Amino acid sequence: MLKRSFLVFSILLIAYLSGLSQGTTRGTIKGKVIDSETRLSIVGANIMVLGTVLGTTTDKEGNFLLSGIPTGNRQIIISMVGYKKQIKSFSLTSTEIVNLLIELDQIAIETEPFIVTANRREQSLEEVPLSVSVVTDQMIKNRHTVTLDDALKYVPGVSITRSQINIRGSTGYSYGVGSRVLLLIDGIPQLTGDTEDIIWESVSPDQIERVEVVKGAGSALYGSSALGGVINIIPLSFSTKPRTRINFYGGIYTAPVYNSWKWSDDARTSGGFSFLHSNRINHLGFNIGGSRTLNDGYKKNDFLKRWNGWTRLAYEFSPYQVVNFNFGILEQYRGNFLYWKDVNHALESKPDQTDDNVKSLRWNVGAGYKQFITNDLFISFKTNYYRSKWEDNIPTTNDVNGSGSTSEFTVADLQVNYQASLSHQFTTGLIGTYNNVTSRNMFGSRKGYGGAVYAQDEINISRKSYLSMGIRYDFQKLENLPAVNQVNPKFGLTYTLAQNTTIRMSAGRGFRAPSVAEVFTSTEGGGLVIRPNSSLRPERSWSLEVGIRQTFSEFIYTDFSVFRNELWDLIEPAFGDDGFVHFFNVTRAYTTGFEAIVNLSLFNRFLTSSVGYTYLYPKDVNKNEILKYRPRHLLFISSKINVEFFQISFDFRHLSKIENIDHELIDLGIIPDGDIRVPVYVADLHLSSDWASFGLPLVTSVHIENLFQYYYTDFLANLAPLRHIVLSAEIKI
Amino acid sequence: MKKNIHYILIFSFLIFFIEGCDEGISPEEEPLVAEAHGIEGTLYFTNWPPADSVIDLRLVAFLNYPPVDIISEVLQGRAKYTDKLPYGVDSINFTLILNPLPADTIRCIAVGQQFGNNIQEDWRLVGVYYTPGDSSFPGRVFIPPDSIVGGINIKVDYKKLPPQP
């Protein structure tokens, strides 16, 4: 009954809003796009009207014409591969045609100057007061990314500890519960309802246009979990022509050099395939894809078998009214390698853990609606339902057959953008969430709900300075526990010192409400007992940052930032006075440091290179020691050489040795040799050939991950992947 | 000249590749007895209780006596224990390397049993090493540097438990 009422209400709402938009007056723009240096016309440049789905491309003379644009103060984005993107602002009336001459500058360094996540709308990077890194679909493909966290390992300031992401020291390792980084897909949270963790496997790399990594607290716009940063996946746009891509790959792990580590006479292999079809038929755009992933695992009982499927549809009722639908599913069966047996048997787990495995089925379904109400008023409504089910066979004293959990997390998000004038952009929104967890031998049956309201104003103070201020109120209720109320403000300022120099500063508050797992976990096994703690408080943070972006020439781009994050009530598992393990608010901490990024283009674009270095000082104030599982130095170098149809790329990353860990686990003998760890020095090599110039719709590539077969742990007593050689072929039709 | 630079780059890369491989963590070589200090001996068991009441069982060497509790002493670096001992055996030989504890006087050597789920509190001593001829007090053993002291034999009779510290 409720669902039916909701459906009727939605239809009526759409009809009403459609009626409203009929009264909107329209105008027309036309123009020409040329190369600023050669003065020649640019063919195929993209022109998009910001805040609408209206767009076109330039013809063979570089001309374009776009009509039916809502009148008022408008902005268009002009983009073309190899050129610096531009935003043009103008005032449009219904009686006159705006004529524009757009001159694009060639660029040697590909940057992503348009960001959505920082302020919940598309805007120039120059206006963004935060540090933002972008991982493009090309970077994801070049690195043969099977799960997204593999690609994020190369983002400056980011480290991954056993699939848990850590931005500038925010997270460390929290045993798979309570991510301090929020994952969004097209602006909608995608954390599991029980553990509030990120399941990277549920996002297929094929469905990604780009990934935006916002560093620093983002709770003023995105609420709980955005304590250390936000990762927003921008979905792949629809192809204007039918396009199909099929990829096959197969790989092998190199055997370790030490005999005592060799546990299998068989080659350890990986393999799989993926496909994607994208098209637009009249008003309907759609992307559909799927993949199969198989991996024997280089460690014993670390195998993996996975199916992924996904689709995204969008229907344009008119250029001012679009509805979209998306669906994704993941089915996975994998071994559960917890810790090594000891360092002499680093690729084998303890004998009683060699049959542990986990099965999971996760799917999400979502819908969105975008509508221009008036010329300056734009609304979007998004909703998503995410169901996550897992079961393991790991015996506990509660049940020798193992544990499991099913969580259902539903979110609805209504956002309104109002452009009061060319210098004022107002954004506000309402959010509601509902969480339902049913668990076997772990968390019990739990329900929770929440709501939030936020508002933000962005002001162009002058042509050189740009100010943003925002605030968000969050309310969360979990079972019969006291409700969590939180107000998170933010402030940001950018100032253009010179044509190629922008300074920025920002301050924002973050918080993370405890997850169901942290509050309610009750399990026991192996002599350890974990018991609930209903008195947990939310974690809180303040992020401060000052930075400068500088383009020295078309060949050198730099970004330097200094940051400090103050953290209160960090939640960690620890022994209580009762001798049982609980999650407690144990730590008051801060992380401070600086980050330098240099992008270079050398030898007439023959070689492009990016270097990122982050220094981090993560201090546990309560214990007067370094925070656990945080490296102090992070260095990333990526280089790419293009030779006609051939491309070579090389990635190197260094993380300094982790200084502090959970020593209790080693001292008590729970993890043998668990304190053995080294700094990380890992290099990957990628060779790729595009055979299109020979008339073949084929890209072949060789990827060698961990080229130098460097042995290191990516978590306590867990040897990171050995050298992995992968061959892949992609057919593009 | 440009070609030569390419060759130098490729050669350097190959050298770097060959020289750089297989670094990082490696298996540990067996510790030389001369560099380690510890104790060894035999444990004898009789009258085992039901298996579900023996959640954990270890030989523990304490620098202090009486200890606070086994877990606290181990975490504070004042005691060291063996890996989990097997259930149901009549006897077992053991060697416990005490490094990084200092080579010093061990004030109590005992077999500890975890009988409940509380890892901190649910432990008891089920067998204690006594100096031959004196079972009134746990036997003290001086451990010289770089040597393993043998003859640490303990009888565990679950029907006749020692007094708890």
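Please read these numbers as outputs of a predicted model, since none were measured by experiment. Side chains included, hydrogens not; waters and symmetry mates left out as well; all remaining heavy atoms used.
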Test: Arg677(A) cationic atom under 6.0 Å from Tyr712(A) six-membered ring centre, within 45° of axis: no

Check: Ile92(B) and Tyr44(B) side chains under 4.5 Å, non-hydrogen atoms: no

Within-4.5 Å side-chain heavy-atom neighbours: Lys628(A) and Glu572(A): yes

In terms of heavy-atom proximity below 4.5 Å to chain B, should [X] be classed as side chain, backbone, both, or neither?
{"X": "Asn706(A)", "answer": "neither"}
{"X": "Thr713(A)", "answer": "both"}
{"X": "Arg531(A)", "answer": "neither"}

Side chain / backbone / both / neither for Thr82(B) at chain A, heavy atoms under 4.5 Å: neither

Greatest number of heavy atom pairs closer than 4.5 Å to chain A - which of Asp83(B), Val74(B), Asp69(B): Val74(B)

Ala346(A) backbone acceptor or donor facing Glu348(A) side chain under 3.5 Å: no

Geometric class of the Trp261(A)/Tyr258(A) ring pair [parallel <30°, tilted 30-60°, perpendicular >60°]: perpendicular

